[in-house]
Amino acid sequence: MSGTELEQELSQAELAAFFGRELLGWYDVVKRKLPWRINRDPYRVWVSEIMLQQTRVDTVIPYYERFMQRFPTVQALAEAPEEDVLKHWEGLGYYSRARNLQAGAREVVERYNGIVPDDAASVASLKGVGPYTAGAIMSIAFNRSEPAVDGNVMRVLSRFWLLEDDIAKPATRVKIEKLARSIIPEGRAGDFNQALMELGALVCTPKSPGCLTCPVMEHCAGRLAGREAELPIKTKAKPPRPEWRLGVVVEGSGENAGRVLVRQRPDTGLLARMWELPHVLVPKDAEKRLRSDKSEAESEREQASLADLLARMLHEEAGLLIRPLRHWTKAEHVFSHIHWHMDVFEADLPSIGAVASGDVNASEQSILAEGLGLVAEATSSYEGDKKLPSGYAWIGPEAMDTLAFPNLFLKLLQQHWGIKGRG
DNA sequence: AAGTCGGGGGT
DNA sequence: ACCCCAGACTT
């Protein structure tokens, strides 16, 4: 301490007044023009806040524009087919947000006559609306004095007030909510909450924060202590568990030439109700057996083993008989809790002619040996496109605007047809 | 309290 | 590579 300067000890109320005044003054000058800020329509605010959950502003903007164009009102969203809603969410991730949002819209139509209720408890009860989103809607759309504490706000307030609580713990969000509620300037809840987030996004960033341009640096306890870089405190997440999966691009023939076999995922769980290429999880015991060859280039022998496993598991799990042709590509995809390593094969359906003429490889024989009757039945029915296993369908590039795929499979399909188109 | 739920951009 | 993003829901 210098000794010549009197450290002004500001009270909590004085700090809050300073913080609110300076932050709002800064926000009024620099706030970004964003598509959900053209008015305060509660439905528009609602949709934006759901999309912005765990998703950056720049990523959301084009999705938001398309979504609002297609579903401009609560009624429009409530009446739409779910598939249509998912299609407009395609690539954005966390797809339960889309399903919950539509469920919420239908609830607003049925229970509130299509008007988003101006009531914190009612808004908070809507599907997909948690503590943050309820506070954001109430403050931004209705200017109610409710806190809206997201990752930005926890970071900003942790630094300004030098809070050393672990923001990964749920209890910390509750604590910071109480603080945030207590410092909302009278009559400006919406602007204040947005200003907090704007500061976190533009200035008080996770790494190398721009303290020199920060409107509240003068009394930021974290900065004054020289500790802004180590705040907020957050425990590390566990790394995603690895999974080895075998996928397949099954090419159709005859009337399905140029099409690929896809399937719809179950109603719950990961990527619920999204469409995908068929794939199977390599069991851990089989993994040890098949990974004996650790060399860079996979041998033909190993690929044949993988293809064999793929065909057999697909038959057991889905009753689907395929004929793997060749290894096509590898694909990696990382979720927050799972890391997929995929080997994708090209395949077609076994034909009766091929079986009869003996034009089959060894691995295929092991599959087909289980019953030529099955093959015959499968072949005739598949070609008619009538008796595919439940949830399976043929799709060509022209129909891609009807089914919603997660990005992983979207890219694989585009790669498949893209190469074909250029070749 | 810990796990589940996508995908991408910043550093 | 690792971190984090205008988080919510389930167990």
Side-chain angles (χ1 to χ4, degrees), chain A residues 31-32 34-37 45-64 86 89-101 103-104 123-137 139-141 147-156 166-174 176-177 180 190 192-202 204-210 229 232-241 265-266 268-274 276 331-340 404-411:
Chain A
K31 71 176 170 187
R32 293 171 287 180
L34 300 172
W36 45 89
R37 287 180 177 168
V45 173
W46 179 14
V47 171
S48 76
E49 292 302 338
I50 299 299
M51 282 193 175
L52 287 163
Q53 288 169 7
Q54 295 293 282
T55 312
R56 293 170 194 283
V57 165
D58 291 340
T59 302
V60 164
I61 289 175
Y63 280 91
Y64 183 79
L86 279 178
W89 214 269
E90 183 182 64
L92 198 53
Y94 287 140
Y95 300 98
S96 65
R97 292 184 296 174
R99 296 192 302 273
N100 288 338
L101 176 59
V123 167
S125 76
L126 297 172
K127 273 197 177 60
V129 176
Y132 161 75
T133 304
I137 294 173
S139 62
I140 297 171
V149 175
D150 69 339
N152 287 310
V153 174
M154 287 199 283
R155 183 172 58 256
V156 169
D166 182 356
I167 66 168
K169 296 185 178 304
T172 301
R173 199 210 76 240
V174 173
I176 293 183
E177 265 178 2
F192 179 71
N193 286 340
Q194 292 183 84
L196 267 174
M197 294 185 277
E198 199 96 334
L199 187 70
L202 300 180
C204 196
T205 48
K207 289 169 184 172
S208 58
I233 291 171
K234 184 178 183 180
T235 56
K236 293 178 194 170
K238 281 174 38 178
R241 69 173 181 274
R265 294 179 61 86
T268 59
L270 183 68
L271 302 170
R273 280 179 245 180
M274 302 289 284
E276 65 177 4
E332 298 243 342
H333 195 75
V334 183
F335 305 92
S336 41
H337 57 303
I338 310 173
H339 188 155
W340 279 0
F405 291 85
N407 257 16
L408 157 68
F409 296 105
L410 199 58
K411 287 176 179 173

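Protein chains get the first letters and strands the later ones, always in sequence-line order, with residue 1 at the start of each.
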| request: Check every strand shown and say whether L271(A) touches a base, only sugar-phosphate, or nothing at a heavy-atom separation below 4.0 Å. | output: sugar-phosphate
| Of the nucleotides dG3(B), dA6(C), dA8(C), which one has an atom closest to the side chain of Q53(A)? | dA8(C)
| remark: Of dG7(B), dG10(B), dA8(C), the nucleotide closest to the side chain of P131(A) is dA8(C)
| request: Any chance you could lay out the side-chain contact (heavy atoms from CB on, under 4.5 Å) test for W46(A) and V123(A), step after step, and finish with the verdict? | output: CA-CA 10 Å; W46(A) 179 14; V123(A) 167; over 6 Å; no
| query | Taking the side chain of N100(A) as its heavy atoms from C-beta onward, which of dC9(C), dC3(C), dC4(C) lies nearest to it? | reply | dC9(C)
| request: Work out which heavy atom in P406(A) is nearest to a heavy atom in Y95(A); give both atom names and the distance. | output: CA-OH, 3.9 Å
| request: For dT11(B) versus dA6(C), give the span between their P atoms, rounded off to a whole number of Å. | output: 12 Å
| remark: Assert: residue with more 5' nearest nucleotide on DNA chain C, out of K236(A) and V129(A), is K236(A)
| Can you tell which of dC3(C), dG6(B), dA8(C) lies closest to the side chain of S336(A)? | dG6(B)
| Which part of the nucleic acid does Y94(A) contact within heavy-atom distance under 4.0 Å: base, sugar-phosphate only, or nothing? | base
| remark: Considering only heavy side-chain atoms of Y132(A), the closest of dG3(B), dA8(C), dG8(B) is dA8(C)
| query | Among dG7(C), dC2(C), dG8(B), which nucleotide sits nearest the side chain of K411(A)? | reply | dG8(B)
| query | When all nucleic acid strands are considered with a 4.0 Å heavy-atom cut-off, which category describes L199(A): base, sugar-phosphate, or nothing? | reply | nothing
| query | When you compare dC5(B) with dC4(C), how far apart are their P atoms, in angstrom units rounded to a whole number? | reply | 22 Å
| query | Nearest to the side chain of W36(A), which nucleotide is it out of dA6(C), dG6(B), dC4(C)? | reply | dA6(C)
| message | Please give the distance between the P atoms of dT11(C) and dG6(B) as a whole number of Å. | response | 16 Å
